[in-house]
Enquirer: 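Here you go, one structure.
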Protein chains: 2
Amino acid sequence: MPEAVIQTYTRADEAFDCLQTAIVKGDLAPGEKIGEVELCSRFNLTRGPLREALGRLESRGLLVRRPHAGVKVVSVSTDELMELYRIREVMEGLAARQAAERMTDDEITALHTTLDAHEAMIEQAHGQAYYQAEGDYDFHHRIATGSRNAKLAQMLLGDLYYMVRMYRYRLSTASGRPHMALGEHRRIVEAIAQRDGELAEFLMKRHINAARRNIERKIAEGGLTI
Amino acid sequence: MPEAVIQTYTRADEAFDCLQTAIVKGDLAPGEKIGEVELCSRFNLTRGPLREALGRLESRGLLVRRPHAGVKVVSVSTDELMELYRIREVMEGLAARQAAERMTDDEITALHTTLDAHEAMIEQAHGQAYYQAEGDYDFHHRIATGSRNAKLAQMLLGDLYYMVRMYRYRLSTASGRPHMALGEHRRIVEAIAQRDGELAEFLMKRHINAARRNIERKIAEGGLTI
DNA sequence: CAGGCATATTTTGTCAACAATAGTGACTTT
DNA sequence: AAAGTCACTATTGTTGACAAAATATGCCTG
């Protein structure tokens with residue numbers, strides 16, 4: 001047994017998770033001003049733990065608080081979304097490089113099978129963008145973890161991904177280029193399997209850069225409004 | 001008037017600042033287990049705001065909390081410190097590139113004068129490592145802000161720098177290579193002034209990489225113990 | 001004498017009432 | 001009539017008391 005420690009789940013954690021998913025899923029719209037008492041009744045919580053959760057969410061940048069004036073969900077402009085992708089580019093590039101150097105063989109095998117599953121899902125649920133988005137998240141999640149860089153994984157998984165996902169739900173994976181993305185994923189995994197960190201970094205950066213430009217183009221075309 | 005909004009300072013903010021500086025300065029030693037009531041009496045606070053601040057600090061990675069078991073200051077191994085520098089390398093590289101593209105001429109002038117002040121301080125307080133550390137922080141702070149990438153600045157200034165500074169206080173700027181660092185800083189500013197983003201990124205990455213290797217070497221020599 | 005179990009204590013997690021502040025509306029004044 | 005000011009209300013910030021949980025201690029048993 002690797003982990004028998006059952007992290008007791010406190011009400012503040014519950015509040016945190018509820019709010020985070022509510023924000024990511026869009027149940028709480030960006031810019032929406034929300035009262036504490038309303039949130040309490042909505043999630044069956046009391047104000048103590050709620051405030052604790054609000055503090056955490058604020059320091060993660062998912063919502064902004066003005067003293068005595070209430071909290072509101074952060075609203076990210078398209079420019080800011082592009083900046084997020086630029087950060088992802090360099091950080092995930094680093095993650096891919098370190099993953100190539102440090103992942104175990106078992107983890108790499110798991111990466112391969114993950115991609116196979118994604119391919120099957122794309123063939124089958126042809127056009128179901130939601131699965132594609134989740135699959136993409138799964139892939140990047142594994143690489144962040146595989147980097148064996150705790151802080152890097154924390155920043156990617158705990159900060160950036162939530163903000164990006166917040167928009168992916170709304171755009172419902174605007175990228176909409178499942179096959180292309182899958183091919184890029186395959187090449188990245190190949191580089192990792194060959195323990196070629198430099199190549200993995202390069203491919204990952206290019207992959208995220210392509211995703212960013214794709215979204216940028218779609219927004220410019222007016223097909224998407226944030 | 002650009003900013004007439006007086007951010008009212010709440011008790012939770014006070015608690016947050018107190019704890020953060022206490023951790024960074026080393027008044028609260030890493031690994032030290034601290035009780036909530038003790039902290040309250042120490043900083044003249046009550047438990048409500050304190051707990052809010054603890055939540056924020058936890059999500060920033062400065063302390064770890066185990067439910068019902070108390071909080072303790074995070075203790076970072078040398079390996080983890082090196083990982084922090086690797087993250088800094090790519091993120092500050094990006095910051096330098098974007099700063100070169102976006103900083104105003106006034107900001108660049110300010111950067112120059114900042115470096116002049118650092119040089120004077122180094123000459124004068126010859127060996128006073130503390131000023132060097134603060135000067136270094138000032139330099140990197142300006143570039144992070146100048147990147148015009150809000151999230152990037154937040155992650156650097158709000159997360160990474162505090163963790164690194166936490167160790168700089170303890171090592172009392174182990175780097176101890178003030179003149180060399182100043183020269184590197186000058187070259188980075190030159191690249192920014194010439195709006196050469198690519199070069200600025202390259203120089204910044206090399207600068208941080210050199211700092212990392214320097215610390216790594218000193219630790220390996222046994223001169224420093226964390 | 002050592003190990004495990006039960007109890008007791010300390011510490012954290014939670015709650016509900018109180019105080020302070022910002023936003024809002026009406027009123028007065030120019 | 002418009003603008004500024006004052007008071008009010010609703011919401012947030014804070015406090016202290018209560019409940020639950022984990023660690024530590026001491027006792028009992030093998």
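Throughout, protein chains are lettered first and strands after them, A, B, ... in sequence-line order, and every chain is numbered starting at 1. Computed from a predicted structure; not experimentally measured.
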Enquirer: B:Glu52 CD to C:dG13 C1': how many Å, rounded?
Expert: 15 Å

Enquirer: Check whether any side-chain N or O of A:Thr10 sits under 3.5 Å from a backbone N or O of A:Asp13 as a donor-acceptor pair, and report yes or no.
Expert: no

Enquirer: List for me each residue that meets ring pair (Phe, Tyr, Trp, His ring centres under 6.0 Å) alongside B:His141, sequence neighbours excluded, and say none if there are none.
Expert: B:Tyr137

Enquirer: Would you kindly say whether B:His118 and B:Asp136 are connected by a side-chain donor-acceptor distance under 3.5 Å?
Expert: no

Enquirer: Grab the CD-C1' distance between B:Glu38 and C:dT10 for me, whole Å please.
Expert: 14 Å

Enquirer: Under the rule for salt bridge (charged side-chain N to carboxylate O under 4.0 Å, His left out), what residues qualify as partners of B:Glu32, not counting sequence neighbours?
Expert: none

Enquirer: Taking only Lys NZ, Arg NE, NH1 and NH2, and the carboxylate oxygens of Asp or Glu, determine whether A:Arg11 and A:Glu14 approach each other closer than 4.0 Å.
Expert: yes

Enquirer: If you restrict it to nitrogen or oxygen atoms, what contacts under 3.5 Å exist between nucleotides 11-13 of chain D and the protein, and what is each distance?
Expert:
{"unit_1": "D:dT12", "atom_1": "OP1", "unit_2": "A:Glu36", "atom_2": "N", "d": "3.2"}
{"unit_1": "D:dT12", "atom_1": "OP2", "unit_2": "A:Glu36", "atom_2": "N", "d": "3.2"}
{"unit_1": "D:dT12", "atom_1": "O3'", "unit_2": "A:His68", "atom_2": "N", "d": "3.3"}
{"unit_1": "D:dG13", "atom_1": "OP1", "unit_2": "A:His68", "atom_2": "N", "d": "3.4"}
{"unit_1": "D:dG13", "atom_1": "OP2", "unit_2": "A:Glu36", "atom_2": "OE2", "d": "3.3"}
{"unit_1": "D:dG13", "atom_1": "OP2", "unit_2": "A:Arg51", "atom_2": "NH1", "d": "2.4"}
{"unit_1": "D:dG13", "atom_1": "OP2", "unit_2": "A:Arg51", "atom_2": "NH2", "d": "3.3"}
{"unit_1": "D:dG13", "atom_1": "O3'", "unit_2": "B:Thr10", "atom_2": "OG1", "d": "3.1"}
{"unit_1": "D:dG13", "atom_1": "N7", "unit_2": "A:Arg47", "atom_2": "NH2", "d": "2.7"}
{"unit_1": "D:dG13", "atom_1": "O6", "unit_2": "A:Arg47", "atom_2": "NH1", "d": "3.1"}

Enquirer: Find the distance B:Leu50:CG to C:dG13:P and express it as a whole number of Å.
Expert: 11 Å

